[in-house]
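First up is the structure itself, then whatever we jot down about it.
In the text below, chain A, chain B and the rest are named by the order of the sequence lines, each starting its count at 1.
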Protein chains: 2
Amino acid sequence: MDQRQALAAFGALSQETRLHIIRMLVVSGPDGMAAGSIAEKAEVSPSNVSFHLKELERAGLITQQRESRSIIYTANYDALGGLIRFLTEDCCGGNAEICAPAAAVAACCAPATKEELQ
Amino acid sequence: MDQRQALAAFGALSQETRLHIIRMLVVSGPDGMAAGSIAEKAEVSPSNVSFHLKELERAGLITQQRESRSIIYTANYDALGGLIRFLTEDCCGGNAEICAPAAAVAACCAPATKEELQ
DNA sequence: TCAACGATTCAAGGATTATTGAAATATGGA
DNA sequence: TCCATATTTCAATAATCCTTGAATCGTTGA
């Protein structure tokens, strides 16, 4: 994740509807969600959800895949992890104080990393 | 850091000049930088830097403090850590795959956390 | 083939954000 | 007090983003 991608990702996440969509897609996991379901749950019009989905895809945060009549959207875990990484490395450039609490949060939901550290 | 603050922070970081400013302020640490120095280093006009500084302050990512004629801006480490935390917790809501790599990055610049985990 | 479904695209409008330069404010020193 | 410095504020313009509804596209089943 370079700066260009990070800027796009920050922009994508700075809009309420899109942040909502990302949260839903992260929760729904690899199965993803159809555009229509997203629109329904987020309570926005089909064309509006389509606009925001395109924006999120342009930022690399989600991917799409047609499944019969539906188009299924899925969160791009690598991109989201990459964004956290960008923010963390950028902010931690010599300043452990910023990311120490963040590391604690990240560590508690990533047991594999705990083992690596011991 | 609630969603409202996170949205503002993402918006603030989605602009090239502002991301540049944040990076400079994080590096410069608690001493911060005067508005003029920021403008000079970022190669933007005084009034433009003022606009962006106000935006960053509105998002809670920086604080200001007058020092004689200058106004010194400082990165708000808590807010930056809070944003990483928001992103991490939000994305990790049941999905360790996303934040495992992020945790590794965060851990390597926060030795204190390593000890806590052992 | 035709109708229905799920979704996108397009154009228009409104709203927000960014840039610029000129004017204003605050501070410190002669 | 007056001037210079450091910075902000303001108004105007340009650029970008968001929303809406109508039209379009691809897929499936009758």
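Arg18(A) has its CZ atom 12 Å from the C1' atom of dT19(D), to the nearest Å. Summarising the geometry, the separation between CD on Glu57(A) and P on dA7(C) is reported as 14 Å, rounded to the nearest angstrom. Remark: P of dT8(D) and CG of Leu56(B) are 12 Å apart, rounded to the nearest angstrom. Computed from coordinates, the Arg69(B) CZ to dT27(C) P distance equals 11 Å when rounded to whole Å. Between the P atom of dC5(C) and the CZ atom of Arg66(A) lies a distance of 16 Å, rounded to the nearest Å. The nearest whole Å value for the distance from the OH atom in Tyr73(B) to the P atom in dA6(D) is 15 Å. dG6(C) atom P lies 18 Å from atom CD of Gln65(A), rounded to whole Å. Nucleotide dA15(D) holds its P atom 17 Å from the CD atom of Glu16(B), rounded to whole Å.
Looking at the side chain of Asn48(A), the nearest of the listed nucleotides dT27(D), dT8(C), dT20(D) is dT20(D). Of the listed nucleotides (dT19(C), dG29(C), dC18(D)), dT19(C) has the atom at the smallest distance from the side chain of Phe51(B).
Residue Ser47(A) is classed as a base contact, given a heavy-atom separation below 4.0 Å to a base. If you check every strand for non-hydrogen atoms under 4.0 Å, Ser68(A) touches sugar and phosphate atoms only. Ala34(B) comes within contact range of the sugar-phosphate backbone alone, with a heavy-atom separation under 4.0 Å but no base atom that close.
Nearest-nucleotide assignment on DNA chain D puts the 5′-proximal partner with Ile72(B), out of Glu67(A) and Ile72(B).
The cluster map of Ile, Leu, Val, Met, Phe, Trp and Tyr, joined by side-chain heavy atoms under 4.5 Å apart, puts Ile22(A) and Met24(A) in the same cluster.
Side chain of Arg85(A) to backbone of Leu87(A): no donor-acceptor contact under 3.5 angstrom is found. In terms of modelled atom types and a separation under 3.5 Å, the side chain of Ser50(A) and the main chain of Ser47(A) share no donor-acceptor contact.
Taking 4.0 angstrom as the limit, Gln15(A) places none of its side-chain polar atoms (N or O) nearer than this to OP1 or OP2 of dT17(C). Between His52(B) and dT19(C) there is a side-chain polar atom (N or O) within less than 4.0 angstrom of OP1 or OP2. Contact check, Ser70(A) against dA7(C): a side-chain N or O comes under 4.0 Å of OP1 or OP2.
For Glu16(B), the CD atom is loosely surrounded, since the number of other residues' heavy atoms within 6.0 Å does not exceed 12.
A salt bridge links Arg58(B) with Glu55(B): the closest approach of a Lys/Arg side-chain nitrogen to an acidic carboxylate oxygen falls below 4.0 angstrom.
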